[in-house]
Amino acid sequence: MAAFQPSLECDNISNIHSEQTDSDLIQKTDERYRETLPNLPKGKGWITEHLVQYQGFWLTPNAALKNLMWVQDHFKPRPTDIFLASFPKSGTTWLKALIFATVNRTRYGFADHPLLTTGPHDCFPFLDAHFQEKDRSRFDLDRFPSPRLLSIHIPYILLPNSMTDHQSCRFVYICRDPKDVLVSKWLFLNKLRPKDLPPISLEEAFELFCQGISHYGPFWDHVLGYWEGSLETPEKILFLKYEDLKKEPLVVVKRLGDFLGYPFSLEEESKGVVEEIVKLCSFENLSTLEVNKVSEQKFSKDTIIDNRHFFRKGKVGDWKTYLTTEMVERLDEITYEKLLGSGLVFGS
Ligand code: A3P
């Protein structure tokens, strides 16, 4: 992944040797990983043979579990860090673009904006894909200028205290109706599934999802972790819904600016800056850009994904095209039960 961050060139970043990783400490994490892995419960994987359950959450045994341990043991947050947290397929790509454009709006003009030639995932790297076995120094987080924009799928309760500590960094969490998440995820992962494995049927994907067995699942526990965190420390976690963003993008982007400490001035508002950001980051715009149609995104040594796969329909309620009435009823019932008493609801 060639990470684009303002004032650092992509090529420089990927070639810098990371000085922050001390080999003894890395070795300890490797040992922890090797000792932990054999004892973890296994479930069927969506693109790998299986997922493992670690402290209540389902992770890919190689990439996600290793990266999580790296973050827990080695990551040094800065108080200015901005994290975008999400359950996969909830709108991460969209929020990456919106946050990047909001935070850097005085730096770039809209006519030649980096997002026109650089994919959102390159502007806003995944922290939990940072640590790779044979490629530990792909980008050096210490050399990123502040505020660092980093994306995570890690569940809130598995984050190290240094990140959840009330004094430090900010989180934006984006969530989405689980029915749309399931459909988006099923279609997405079937595209990535190795050719030697047969495609996963919707029925099978549905069962696994309902049981919580999906990357970083159970979905509901993931969402509730950040939801409760946002109720406890609203100044630290902004909890957003994909559906609200679709309905009122201008309102949500203004909230985003306020929360991140980059409020839009009256002058900016009257000049239409918020509208420009929303337009730049819209599905219609991003999905038609050459960079998002052709180039690949390297997430880990085994996972290379075409940028175009991150843009499918970008709609609310596309689950109606795929899910049976029984599926809808069951998923809605699980969601109702899991979220009962939390104050969090999803539209039908
Ligand atoms: P669909 O598969 O329902 O179309 P993630 O970025 O977390 O992987 O989520 C991907 C989902 O977000 C996909 O949903 C994708 O089409 C949608 N998406 C990507 N960019 C978007 C944008 N700019 N606006 C709205 N939705 C977007």
Side-chain angles (χ1 to χ4, degrees), residues 3-8 67-68 71-72 74-88 90-107 115 120-121 123-130 139 141-176 216 222-242 244-245 249-265 268 273-274 277-278 281 343-344:
F4 182 99
Q5 293 268 320
S7 75
L8 283 180
N67 278 304
L68 167 67
V71 171
Q72 289 178 334
H74 304 287
F75 178 61
K76 297 182 193 80
R78 290 183 198 155
T80 49
D81 284 342
I82 293 173
F83 295 103
L84 167 61
S86 60
F87 188 85
S90 299
T92 318
T93 312
W94 191 10
L95 256 294
K96 282 187 176 191
L98 285 170
I99 295 173
F100 181 87
T102 299
V103 167
N104 293 301
R105 66 181 183 271
T106 55
R107 201 184 290 259
L115 278 168
H121 293 283
C123 293
F124 204 130
F126 272 103
L127 175 63
D128 36 359
H130 168 67
F139 55 88
L141 295 172
D142 281 349
R143 299 200 35 147
F144 273 36
S146 295
R148 295 186 298 189
L149 306 181
L150 296 166
S151 176
I152 51 170
H153 288 319
I154 298 175
Y156 191 63
I157 58 158
L158 298 190
L159 291 172
N161 288 344
S162 55
M163 284 172 79
T164 52
D165 172 349
H166 295 190
Q167 306 307 318
S168 69
C169 25
R170 270 176 250 212
F171 293 80
V172 176
Y173 186 76
I174 178 79
C175 77
R176 189 182 189 188
Y216 300 94
H222 198 284
V223 171
L224 279 173
Y226 283 93
W227 170 250
E228 283 158 11
S230 76
L231 296 180
E232 275 167 33
T233 53
E235 70 290 351
K236 190 175 161 63
I237 305 178
L238 178 67
F239 191 95
L240 299 178
K241 290 183 188 166
Y242 183 96
D244 294 343
L245 196 46
L250 299 178
V251 174
V252 178
V253 170
K254 276 193 249 172
R255 268 183 75 200
L256 194 60
D258 288 341
F259 173 78
L260 294 174
Y262 293 82
F264 291 91
S265 65
E268 283 180 310
V273 174
V274 189
I277 289 177
V278 168
C281 303
L344 177 62

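Owing to the predicted nature of the structure, the values given are computational and were not obtained by experimental measurement. Residue numbers run from 1 in the order of the sequence given.
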Is the closest side-chain heavy-atom distance between V103 and P147 below 4.5 Å? yes
I'd like to know whether Y173 forms a side-chain contact (heavy atoms from CB on, under 4.5 Å) with V223, so could you lay out the CA-CA distance, the side-chain angles of the two residues, the decisive distance to 0.1 Å, and finally the verdict. CA-CA 9 Å; Y173 186 76; V223 171; 3.5 Å; yes
Working note: L127 + I154, criterion side-chain contact (heavy atoms from CB on, under 4.5 Å); need CA distance, chi angles, decisive distance, verdict. CA-CA 9 Å; L127 175 63; I154 298 175; 5.6 Å; no
Got a sec, which residues hit salt bridge (Lys or Arg N to Asp or Glu O under 4.0 Å) with K254, two or more places apart in sequence or on another chain? E269
Test of understanding: with salt bridge (Lys or Arg N to Asp or Glu O under 4.0 Å), list the residues that count as partners of E268, not counting sequence neighbours. R105
Pairwise side-chain contact, L344 with K241, heavy-atom cut-off 4.5 Å (strictly under): yes
The reported gap from CG in D258 to CZ in F264 (rounded to nearest 0.5 angstrom) is 8.5 Å
How close do R78 and S146 get, heavy atom to heavy atom, and via which atoms? NH1-OG, 2.9 Å
To the closest 0.5 Å, what do you measure between OG (S90) and CD1 (I174)? 7.5 Å
Point-to-point distance, once rounded to the nearest 0.5 Å, from CG of L245 to CG of L250: 10.0 Å
Checking the side chain of K236 only, and the main-chain atoms of C169 only, is there a donor and an acceptor separated by less than 3.5 Å? yes
Can you tell me how far apart CG (L240) and CZ (R176) are? Round to the nearest 0.5 Å. 14.0 Å
Locate the shortest heavy-atom distance separating T92 from S151; write the atom from each residue and the value. CG2-OG, 3.7 Å
A side-chain contact here means heavy atoms from C-beta on lying under 4.5 Å apart; do L260 and L238 qualify? no
Exercise: identify the closest heavy-atom pair between I237 and G229: CD1-C, 3.5 Å
Mark yes or no for whether D128, through its side chain, and H153, through its backbone, hold a donor-acceptor pair below 3.5 Å. yes
Any sub-3.5 Å donor-acceptor pair from R148's side-chain atoms to L141's backbone N or O? yes
Between CD1 on residue I99 and OH on residue Y262, distance to nearest 0.5 Å: 11.5 Å
Return the minimal non-hydrogen interatomic distance between P88 and Y216, and the atom names on each side. CG-CD1, 3.9 Å
For the residue pair S230 and F239, what are the closest heavy atoms and their distance? OG-CB, 3.7 Å
In sequence, state the C-alpha distance, the side-chain angles, and the governing distance for L149 and C123, and then conclude on side-chain contact (heavy atoms from CB on, under 4.5 Å). CA-CA 8 Å; L149 306 181; C123 293; over 6 Å; no
Kindly compute the distance separating CG (L158) from NE2 (H222), expressed to the nearest 0.5 Å. 8.5 Å
Indicate the ring-plane relationship of F75 and F83, choosing parallel, tilted or perpendicular according to the 30° and 60° boundaries. perpendicular
Mutual orientation of the aromatic rings belonging to Y226 and F171 [parallel < 30°, tilted 30-60°, perpendicular > 60°]: tilted
So which heavy atom on I152 is nearest to which on M163, and how close? CD1-CE, 4.4 Å
